[in-house]
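This report refers to the structure that appears directly beneath it.
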Amino acid sequence: MIAGAVSAIASSAVAQDGTTAYDFLNITSSSRIYGLGGVNITTVEDDIATTDQNPALLGPEMSMQTNISYMRYVGESNFAGVHFAHSAGERAAWGLGVQYMGYGDMKAADEYGNITGTFSPKDVIINGKYSHDITDRLRGGINLKWIYSSYEQYNAMALGTDLGINYYNEERDLSLSLVVANAGGQIKRFDNTYERLPFDVRLGWSQSFGTLPIRFSVTAWNLTKWHLPYYDGGDGTESKEPGTKDSFASNLFRHLVFGADFIPNDRMYIALGYNYKTRTDMNTYSRSFISGFSLGAGLNVRRFAVGIALAQPHTGATTFMLNLNLNLGDIIH
C-alpha cells in the first residue's frame, strides 16, 4: 500500500495521466533544458547535461567535461547528479552519470491507518552513454540506464535505454533529432505488480535565422499516444465547471514544448520555455499565470560554466535548478 502511494506521488509530480511509475525519468538534469520547457532533444551545445535528453548530443568536443547538478523540485523533493564525458577517438565519445532523487520524509502507516514512523523515498539512476559521428552532420547515440527505487521497505530495479539520432547543419544552425526514450522494463518489482517505464518517441527541431541571436525550438513528445486528457478544475464559478478535457487542440499542444534561446555571444544565454502539458497537469482554478513557463540563464567563464533555471508549475511549488560545468582537462593543465 505504501509503495503504491509513493509511486503515484512520484508519477503525478510529472504526469497527471499516471500510466507509469517511472515518470521521474522525464525530469532533466540540465538547467538549460529545464529553462527551455523541460523537454528538448535538439540543443547542440558544449554541455554534457543536455545529453540526458538525447545521447546523440554527446560528442568528443565534450571530452573531460564534468557537470554537477542540483534541483529543488516540487514539495520537499531534492535532486542531485554528476555526469562525466570523454572522447573515444575523433568521432566518438562516452559518458557516465549518476542521478539521485529524494522526496523528503513521509509518514508510514499500517493497513488500519496507524502511523508507524517515517521513511524517505528515493530513486537513483546510473547511466552510461556512447555516441558516434555517422557523417559530418549526422550523429547517433545510446544511453543505458540502471534504475533503483526504494520506498519504505519496498524496492525495485529496472533497466532502460534511450536511442537518439541528431542532424546538425552548423552553417544554418539547424538541428533535427529523433529519440526513442525509456525502452526497457523492471527486473525487480515493488510487490506483485509490474510497473512500466514511460516509453516515448520524440521529434525535435531547433534553428536560428540570419543574424538574429535567438534560436527557436519545438519538441514533440508522447508520440506513442494521441489522447492525453486532463482534469480541468474550472475557475471556481458555475460558468466553468470542473471536468475532463480531451479536445483536438488540448491534445495537440500537450504534445508540444516550445523554447527560445537568446545567445548574444558564446559566453552567455537566456532561455525561455513553455510546456502546456505541465500547465494543464498542475491545473487548479487558483493556478499561477506563469504555470507552464520556465526561465533559464547561463554564463561561461574561463574554466567553468554555471547555469540556473526557475519555474512555478503550481502556486504552491516554485522549482529551482543549478548546474556547474567544469572541464577537468583545463584544470589539470
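Hydrogens, waters and symmetry mates play no part in the numbers below; they use all other heavy atoms, side chains included.
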Least distance between heavy atoms, A108 atom then E152 atom: CB-OE2, 4.0 Å

Ion pair check, D281 and R254, cut-off under 4.0 Å: yes

Any side-chain heavy-atom pair of L178 and V201 under 4.5 Å: yes

Between T118 and D105, a side-chain donor and acceptor under 3.5 Å: no

pair T51-M62: side-chain heavy atoms closer than 4.5 Å: yes

Y274/F258 aromatic ring centres below 6.0 Å: no

D266 and N300 side chains, donor-acceptor separation under 3.5 Å: no

Near-ring test Y151/F190, centroid separation under 6.0 angstrom: yes

Reported CD-to-CD distance for the pair E61 and E45, which is rounded to 0.5 angstrom: 10.5 Å

Where Q186 and L197 come nearest, the two heavy atoms and their spacing: N-CD1, 4.4 Å

Sidechain N-carboxylate O distance under 4.0 Å for D133, R91: no

Aromatic contact, F248 with W226 (centres under 6.0 Å): yes

Residues R32, D47: salt bridge by 4.0 Å N-O rule: no

